[in-house]
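Below is one structure, written out as structure tokens; comments come after it.
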Amino acid sequence: MTRKTETTRRSSIDAARTNAAHTTTAHVDTFAHDRLPPPEQWPDLCFDRPELQYPARLNAAVELLDKTVAAGMGHRPVIWMPVDGKPVCATYAQLQTRVNRIAHVLVEDFDLLPGSRVLLRGPNNAMMAACWLAVLKAGMVAVGTMPLLRAKELKQIIDKAEVSHALCDVALWQEIGNVTNPNGEHYAPSLLRAAYFNETDSGGLEEMMERKPATFSACNTAADDVALIAFTSGTTGEPKGTVHFHRDVMAMCDGFPRSILKPVPDDIFCGTPPLAFTFGLGGMLAFPMRFGASTVLHEKLNPEVLLKTIDDFKATVCFTAPTFYRQMAASVAKGAPKYSLKTLKKCVSAGEALPDTTRQLWKNATGIEIIDGIGATEMMHIFISHTPEAVRRGATGYAIPGYQACVIDAAENPCPPMVPGRLAVKGPTGCRYLDDPRQAAYVIQSGPMKGWNLTGDAYAMDADGYFFYQARTDDMIISAGYNIAGPEVESCLLAHDAVAECGVVGKPDEARGQIVKAFVVLKPGVAADNAMVKALQDYVKNAIAPYKYPRDIEFVASLPRTETGKLQRFKLRQIAAS
Ligand code: 3UK
């Protein structure tokens with residue numbers, strides 16, 4: 001492993017480039033450079049709403065930051081962080097100065113040009129956010145990476161996205177050290193240079209910033225210049241990079257938050273999703289900034305700390321995954337309240353299906369109706385959701401303004417009401433994989449549905465256009481000819497008093513092909529015995545169609561989850577099969 005300072009090397013190619021090119025407009029309009037899918041494989045895009053009319057030249061960092069300062073709101077808070085346990089805020093003007101200095105470092109010290117890809121790595125904090133904005137402001141491409149990724153996974157991303165430079169929180173330098181070590185197992189040769197932020201020793205990004213001017217003239221990017229590449233948290237195969245433009249960043253802000261969440265400048269956002277995950281990029285940064293509001297960036301949240309954070313920062317909006325709401329509800333319901341949640345008004349859940357039981361638990365604990373929303377990295381953000389007033393039990397919601405959604409059968413014909421099929425969506429954003437043959441599997445390539453995105457989810461739609469989640473299409477359990485959606489059984493089990501968390505998958509079975517197997521985390525103090533197995537089985541048989549009951553139940557201490565809070569069903573399937 002190399003020392004972190006050794007990762008600073010110069011590239012002859014970079015040195016040969018001139019800064020002059022930076023002052024020209026950015027549009028690097030070669031498909032070869034961006035490695036976008038061929039245009040005929042693109043998703044159909046629609047911008048049929050007034051708020052989705054964007055000019056030909058657009059820089060998302062200018063829209064989110066500079067325009068707010070220019071409108072005289074520079075003194076308003078934008079990022080809150082805990083410092084020695086106390087809330088400390090940075091204003092829009094302070095953030096702008098920081099962003100400008102980082103942009104100068106990128107252009108002058110890194111010799112980067114518009115279109116260059118910059119890897120970003122860090123927990124959710126102010127410097128991580130500033131780096132993201134600086135990369136966009138300078139016309140470069142942000143490649144966010146999840147904090148828990150190891151060198152092997154980072155190398156896949158760096159190789160795929162041809163990343164040459166990295167900005168990394170010093171706390172996470174080690175895995176970058178591994179990919180920049182020429183003798184290491186996971187050496188990624190394209191990565192030439194890394195700078196570290198939140199560095200207290202000399203030589204960090206902050207020291208490079210000190211010498212830079214506080215103003216920076218933004219790169220005049222086109223609305224369809226690449227702003228970021230977001231990698232999917234794929235469970236199998238090579239990770240997929242999804243390419244999003246400056247316009248896509250604005251479209252996500254003018255979609256779900258504008259029409260469903262309706263933030264106001266006094267809102268204080270908080271939550272768990274990492275900025276490297278588009279759920280977090282929107283909820284924890286872009287959405288609050290689009291509406292002149294502020295965000296709490298916290299480096300390490302668990303359900304208890306999130307509750308405390310809401311109290312400490314007087315947060316009004318919360319973004320997290322269903323498992324967090326479940327655990328927070330359990331904590332709130334238990335004994336005397338430790339934290340005040342009285343400022344909290346809106347709670348958003350995404351990443352996986354929100355069981356109705358979780359919705360009710362949270363409502364009982366706080367009085368707040370959760371806003372569920374399905375989004376995808378490919379689609380940038382949420383496209384089906386509902387306002388708190390328009391909730392329909394068991395449904396994710398309806399296609400939000402700007403998006404269309406439908407459920408289709410294997411022949412791509414629309415399914416009748418409440419008949420499950422594949423979810424297809426289109427809107428102002430859509431899937432563009434970075435140089436990946438799997439593009440043709442996500443975006444329908446021919447026929448009347450050409451250009452629609454297939455998210456890989458099975459849904460049923462009622463006559464009013466509400467969408468009811470069934471399962472991931474490849475997660476459906478087929479037992480003795482019956483199609484069984486694991487999430488439905490999970491939702492049922494979660495309603496039982498003894499169950500804290502559960503995951504339901506198909507287990508290979510000679511007689512039935514598959515049987516329903518449940519992995520159950522019991523609440524503290526509940527005995528994991530045969531009587532409990534029987535009780536849970538009977539409970540399911542009484543609540544939903546009896547053939548869906550779990551023939552096999554295994555009690556476990558915890559469930560495998562991704563960094564984004566998703567249950568890792570493939571791991572449960574592996575355990576069930578072995
Ligand atoms: C599943 C849901 C049921 C679904 C994401 C909000 O999760 C996000 O992106 P990913 O690429 O995964 C996408 C897949 O996750 N899913 C997400 N939300 C829900 N299933 N109900 C939900 N509410 O299978 C989807 O295809 O990791 C979520 C915003 C941005 C995102 N990137």
Side-chain angles (χ1 to χ4, degrees), residues 144 146 228-235 239-244 248-249 251-253 255-257 260-261 271-287 319-325 347-356 358-359 370-386 391-392 394-400 403 405 407 420 422-425 427 429-433 438 441-442 453-460 466-476 485-488 490-491 561-570:
M146 301 290 276
L228 64 119
I229 303 172
F231 278 83
T232 59
S233 44
T235 50
K240 290 175 268 194
T242 67
V243 182
H244 296 291
D248 299 324
V249 175
M252 82 165 164
C253 296
F256 170 75
I260 304 290
L261 197 61
T272 58
L275 293 172
F277 181 30
T278 61
F279 181 39
L281 182 65
M284 296 293 91
L285 189 66
F287 297 173
F319 274 67
T320 191
T323 176
F324 260 70
Y325 286 114
C347 294
V348 178
S349 170
E352 66 179 6
L354 176 71
D356 188 61
T358 306
R359 175 189 285 291
I370 294 176
I371 301 172
D372 190 7
I374 177 173
T377 308
E378 286 84 349
M379 298 301 297
M380 191 84 193
H381 218 276
I382 291 172
F383 48 84
I384 290 176
S385 184
H386 61 87
V391 55
R392 192 163 287 194
T396 311
Y398 41 84
I400 66 169
Y403 287 85
V407 174
R422 296 181 296 165
L423 179 68
V425 290
T429 58
C431 174
R432 285 178 226 98
Y433 286 133
R438 291 168 288 188
Y442 205 96
N453 300 271
L454 289 174
T455 65
D457 296 291
Y459 260 90
Y466 275 81
F467 288 83
F468 293 76
Y469 182 76
Q470 312 290 307
R472 293 282 307 167
T473 42
D474 41 17
D475 281 346
M476 287 298 268
E488 186 190 359
E490 287 162 13
S491 183
R561 288 194 180 273
T562 63
E563 216 175 336
T564 58
K566 281 190 219 296
L567 184 62
Q568 292 175 303
R569 287 167 208 285
F570 74 100

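In listed order, ligands and their atoms are each counted from 1. Quick caveat, the model's predicted, so the values are computed rather than measured.
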Exercise. Give the single entry among F231, F467, F279 that approaches atom 30 (C) of ligand 1 most closely by any heavy atom.
Key: F279
Practice problem: Please work out whether any backbone atom (N, CA, C, O) or any side-chain heavy atom from C-beta onward of I374 is under 4.0 Å from ligand 1, and answer side chain, backbone, both or neither. | Solution: both
Quiz item: Does ligand 1 have an atom that lies less than 4.0 angstrom from a heavy atom of K566?
Solution: yes
Practice problem: Could you check whether the rings of F279 and F319 sit parallel, tilted or perpendicular, using 30° and 60° as the cut-offs? | Solution: tilted
Quiz item: Do T242 side-chain atoms and A230 backbone N/O form a donor-acceptor pair below 3.5 Å?
Solution: yes
Quiz item: Is there a heavy atom in T455 that sits closer than 4.0 Å to ligand 1?
Solution: yes
Self-check item: pair H386-D372: side-chain heavy atoms closer than 4.5 Å
Solution: yes
Practice problem: Give the C-alpha distance, both sets of side-chain angles, the deciding distance and a yes or no for salt bridge (Lys or Arg N to Asp or Glu O under 4.0 Å) between R438 and E378. | Solution: CA-CA 12 Å; R438 291 168 288 188; E378 286 84 349; over 6 Å; no
Exercise. Test side chain to side chain contact (heavy atoms under 4.5 Å, CB included) on Y469 and F467 and set out the steps.
Key: CA-CA 6 Å; Y469 182 76; F467 288 83; over 6 Å; no
Quiz item: Distance from M379 atom CE to H244 atom NE2, nearest 0.5 Å?
Solution: 9.0 Å
Quiz prompt | Residue-ligand contact G351/ligand 1, heavy atom below 4.0 Å | solution = yes
Quiz prompt | Shortest heavy-atom approach to atom 20 (N) of ligand 1 - which of A376, A353, G565 | solution = A353
Quiz item: Does some non-hydrogen atom of T232 fall short of 4.0 Å from ligand 1?
Solution: no
Quiz item: Quick one: does I382 get an N or O within less than 3.5 Å of an N or O on ligand 1?
Solution: no
Quiz prompt | Test of proximity, Y469 against ligand 1: N or O pairs below 3.5 Å | solution = no
Quiz prompt | Atom indices of ligand 1 within 4.0 angstrom of T377 heavy atoms, with elements | solution = 9 (O), 10 (P), 11 (O), 27 (O), 32 (N)
Exercise. Find the distance between NE2 (H381) and OG1 (T429) and round it off to the nearest 0.5 Å.
Key: 10.5 Å
Quiz item: Does one side chain, of T232 or T377, offer a donor that lies under 3.5 Å from an acceptor on the other?
Solution: no
Self-check item: Where ligand 1 meets T278 - atom numbers and elements under 4.0 angstrom, heavy-atom basis
Solution: 30 (C), 31 (C), 32 (N)
Quiz prompt | Separation between CG of L228 and CE of M380, rounded to the nearest 0.5 Å | solution = 4.5 Å
Self-check item: Per atom 26 (O) of ligand 1, closest listed option by heavy atom (V348, T562, D475, D457)
Solution: D457
Quiz prompt | Non-hydrogen atom of T564 closer than 4.0 Å to ligand 1 | solution = no
Quiz item: G373 to ligand 1: N or O pair under 3.5 Å?
Solution: yes
Quiz item: Do E352 and R561 meet the salt-bridge criterion of a basic N to acidic O distance under 4.0 Å?
Solution: yes
Exercise. Pick one of side chain, backbone, both or neither for how R472 approaches ligand 1, counting any non-hydrogen atom pair under 4.0 Å.
Key: side chain
